[in-house]
Amino acid sequence: MSGGQGAAVRLADLHRSYGGVPALNGLTLDVRPGELVSLLGPSGCGKTTALRILAGLETADSGQVLVGGQNLTSVPASKRDMGMVFQAYSLFPNLTALDNIAFGLRLRKVTPTERRRRAGELLELVGLGQQAAKYPHQMSGGQQQRVALARALAIQPKVLLLDEPLSALDAKVRVQLREEIRRIQTELSITTLFVTHDQEEALAISDRVGVMSQGRLEQLDVPATVYQRPATPFVAEFVGVNNALSGTVADGSVLLGPGRRLPADVVAGLPAGSAVRVLVRPADLRLGAAGTGSLSGTVVTHSFLGPVTRLTVRLAGDELVRVDTASEQAGDYPPSTEVGLSVEPAAAMIAASPPG
Amino acid sequence: MAAVTRPAARRATVAVRWMVLGLAGVFFVLPLYAMLDFSTKGVGGARDLSAWRAIPQDEELRGAIVTSMELAGLTAVLMLVLLVPTLTWVRLRLPRVQRLVEFLCLLPLIIPAIVLVVGIAPLYSWVTYVFGDTPLTLTFVYVVLVLPYAYRALDAGLAGMDLKTLSEAARSLGASWTTVMLRVVLPNLRGAVLSAALLSVALVLGEFTLASLLNFQTLQVAITLTGKRNAALAIAVSLAALVFAFVLLVVLTRLVGRRRDGAETLAPAAPTAVAA
Ligand SMILES: Nc1ncnc2c1ncn2[C@@H]1O[C@H](COP(=O)(O)OP(=O)(O)OP(=O)(O)O)[C@@H](O)[C@H]1O
Ligand SMILES: [Mg+2]
């Protein structure tokens with residue numbers, strides 16, 4: 001296999017709307033050569049649209065697509081040399097696995113022996129050496145997506161585009177295949193854009209993760225940073241910071257309730273008395289006996305997640321929060337127990353409350 | 001429907017099935033048998049194949065058979081050339097006009113042949129001027145005539161595959177639109193193309209009204225004329241045409257059937273979960 005095919009990708013200020021409703025709203029994204037960037041975001045935020053515009057399957061209303069410094073905005077899809085793997089199974093039903101992979105090579109006038117050899121190599125690469133003669137309907141979903149990946153790689157694309165290629169597969173195959181995608185991508189050092197709405201998937205295999213919302217990029221950074229220091233409340237929520245406590249700023253700390261102070265040094269710039277939300281992961285809230293900690297409430301439900309159990313706690317102010325606690329200790333707090341909660345100050349994010 | 005498992009009930013359904021099959025068989029086979037009987041009837045109850053032997057000798061019939069075969073072939077080809085790219089394009093690029101195209105294609109069903117002829121006759125003076133006075137110009141009317149049936153067959157075929165994803169996959173691999181059509185759409189539409197073609201052939205071979213009204217000597221017109229002087233010969237040709245269409249049907253169904261084992265429709269992708 002040849003390596004080092006990476007080309008830099010630049011999406012510049014892309015706009016696209018459908019019937020007046022914007023799907024992309026000024027998306028700008030730079031991907032470095034050989035890098036795997038995940039686009040993460042909720043359904044309908046424009047991930048697929050961005051990928052399709054990059055592939056030339058959709059046209060942008062405005063903005064530019066540059067690959068390796070070359071402006072592709074008016075180049076048709078068939079001339080862009082991009083390997084794409086779709087969410088839906090997309091193998092040609094009338095061709096065997098091997099012929100599917102060889103399809104692009106055939107169009108490039110590669111000789112039959114050469115394309116059989118290369119297609120065979122790629123089948124080995126995706127671990128399906130034995131399945132060359134199988135038709136798509138004779139393969140499992142996971143196998144079909146592997147072949148689709150091999151088919152996309154066969155043309156030695158400048159960029160590899162993956163649009164939720166794993167979402168139709170069951171959890172175990174999904175984890176296995178995403179690791180394989182990462183291995184192959186690293187091996188070939190091919191610039192890759194990977195679309196998903198599964199944060200775990202994105203964080204697990206990416207060099208950088210771009211979180212999208214409503215047609216634009218909210219944050220683009222390495223997985224650890226996105227996870228630990230989400231740039232906006234939206235990103236925080238998306239990477240699992242799903243408790244929002246309301247409070248008010250009071251001289252260098254946040255007041256979560258009468259007499260309940262959260263020491264916080266990050267309230268910089270917010271005037272005393274302004275309303276804020278304290279965003280915190282379920283794992284960063286600590287359970288204790290009633291009266292301890294900075295919050296109090298009553299346990300409502302338990303849900304067992306394996307090593308941890310997630311408790312829902314109703315706070316005095318009627319807010320519900322989720323708290324993760326080690327499963328061995330969860331038994332100490334059955335439903336309707338009065339508990340105290342403390343917040344890991346370092347883990348909490350402070351966000352200005354939206355007006356109203 | 002739940003499967004019936006009790007043996008008695010099962011036997012009953014099997015019996016009903018055979019009865020239906022038997023009745024249908026009698027309904028279809030009896031006239032054919034009568035035709036065979038009539039066309040081979042000799043003097044004094046003996047069998048006589050002279051009517052069958054006369055088929056290739058009858059100049060007029062032979063010409064008509066050739067004409068009808070040519071018409072059937074031309075019609076099927078022209079229909080496919082018109083319909084396959086159009087329907088594919090509409091599905092991919094203009095889904096909004098899909099309803100309109102369907103309506104247009106089904107129109108010939110509700111327009112009586114006589115109206116069609118009255119409408120087309122003036123056009124035909126021009127058509128014959130351009131193409132000469134050959135019965136093959138009937139192809140144009142016949143394409144219109146077979147439109148509804150061919151449309152149904154092809155549309156079902158197109159609906160059965162993930163046209164959008166397949167064509168986009170092919171495009172991203174470097175295929176031009178022509179290549180998409182020839183290498184992706186057609187091979188996966190084989191069954192539908194064969195049935196559309198078969199329907200067209202069968203319709204053209206059996207068509208009488210338009211050919212007769214426009215004064216062209218096709219198989220059915222010739223049969224009618226022959227029937228007036230030699231009934232046994234006319235019946236023999238009709239039966240031969242029926243058998244031909246039947247054999248064609250069996251052969252094509254076989255071809256399609258073999259294909260079907262090889263290519264099931266695409267499995268639908270699981271719905272995208274909504275991340276909150
Ligand atoms: N062909 C189209 N016609 C009309 N609206 C469209 C079309 N394609 C996308 N949209 C709209 O654009 C928005 C973005 O769609 P897109 O498919 O890019 O979302 P996504 O982030 O990929 O979502 P998902 O995770 O569900 O795949 C959506 O609101 C969608 O309804
Ligand atoms: Mg999508």
Side-chain angles (χ1 to χ4, degrees), chain A residues 40-45 48 52 55-58 76-96 100-101 103-108 135-141 144-145 148 151-152 154-155 157 161 164-165 167-170 196-199 237-238 242, chain B residues 84 88-89 91-96 156-194 255-276:
Chain A
L40 180 64
S43 192
C45 71
T48 298
R52 289 171 55 81
L57 298 169
E58 193 81 62
S78 54
K79 300 247 154 58
R80 286 199 184 188
D81 274 329
M82 304 221 177
M84 182 136 179
V85 178
F86 297 80
Q87 177 175 1
Y89 299 140
S90 62
L91 295 185
F92 306 121
N94 59 315
L95 300 180
T96 60
N100 260 287
I101 298 173
F103 186 89
L105 299 175
R106 190 170 165 183
L107 297 178
R108 282 164 178 72
Y135 283 94
H137 77 279
Q138 296 167 322
M139 290 183 279
S140 71
Q144 288 188 48
Q145 290 302 67
R151 181 178 67 178
I155 61 171
L161 306 176
E164 307 198 28
S167 67
L169 308 175
D170 65 62
T196 178
H197 58 244
D198 180 342
Q199 55 122 343
E237 161 104 46
F238 209 79
N242 53 11
Chain B
V84 175
T88 308
W89 196 251
R91 258 179 190 276
L92 281 176
R93 284 307 182 81
L94 303 163
R96 263 174 306 159
L158 286 170
M161 66 188 203
D162 191 347
L163 194 59
K164 186 166 180 277
T165 310
L166 290 185
S167 64
E168 287 181 350
R171 297 272 298 144
S172 72
L173 290 168
S176 65
W177 280 112
T178 328
T179 313
V180 171
M181 215 60 212
L182 295 177
R183 290 265 172 80
V184 178
V185 178
L186 269 185
N188 289 301
L189 206 59
R190 238 174 80 164
V193 164
L194 281 176
L255 281 178
V256 178
R258 191 158 340 125
R259 195 70 213 97
R260 199 123 321 124
D261 309 332
E264 217 68 52
T265 43
L266 288 170
T272 313
V274 177

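It should be emphasised that the depicted structure is a prediction, and the values quoted were computed from it without experimental measurement. Below, read A as the first sequence line, B as the second, and so on, with proteins coming before strands; counting in each chain starts at 1.
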A quick test of your reading: do over 12 heavy atoms of other residues, nucleotides or ligands sit less than 6.0 Å from CZ of A:Arg106?
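It does not: A:Arg106 CZ has 12 such atoms or fewer within range.
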Return the orientation label for the B:Trp89 and B:Trp177 ring planes: parallel under 30°, perpendicular over 60°, tilted otherwise.
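The arrangement is perpendicular - the two ring planes meet at more than 60°.
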A:Arg52 portion near chain B, given a 4.5 angstrom heavy-atom threshold:
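Side chain only.
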With only heavy atoms counted, which part of B:Thr179 is less than 4.5 Å from chain A, the side chain, the backbone, both or neither?
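Just its side chain gets close to chain A.
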The single option from B:Leu163, B:Leu158, B:Val185 passing side chain to side chain contact (heavy atoms under 4.5 Å, CB included) against B:Leu92:
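Exactly one pass, corresponding to B:Leu163.
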Passing option when A:Tyr89 is tested against A:His137, A:Met139, A:Gln144 for side chain to side chain contact (heavy atoms under 4.5 Å, CB included):
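Only one option passes, and that is A:Gln144.
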Residue selection (most heavy-atom pairs with chain B, distance under 4.5 Å) from A:Leu161, A:Leu105, A:Leu107, A:Asp81:
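Most heavy-atom pairs under 4.5 Å with chain B: A:Leu107.
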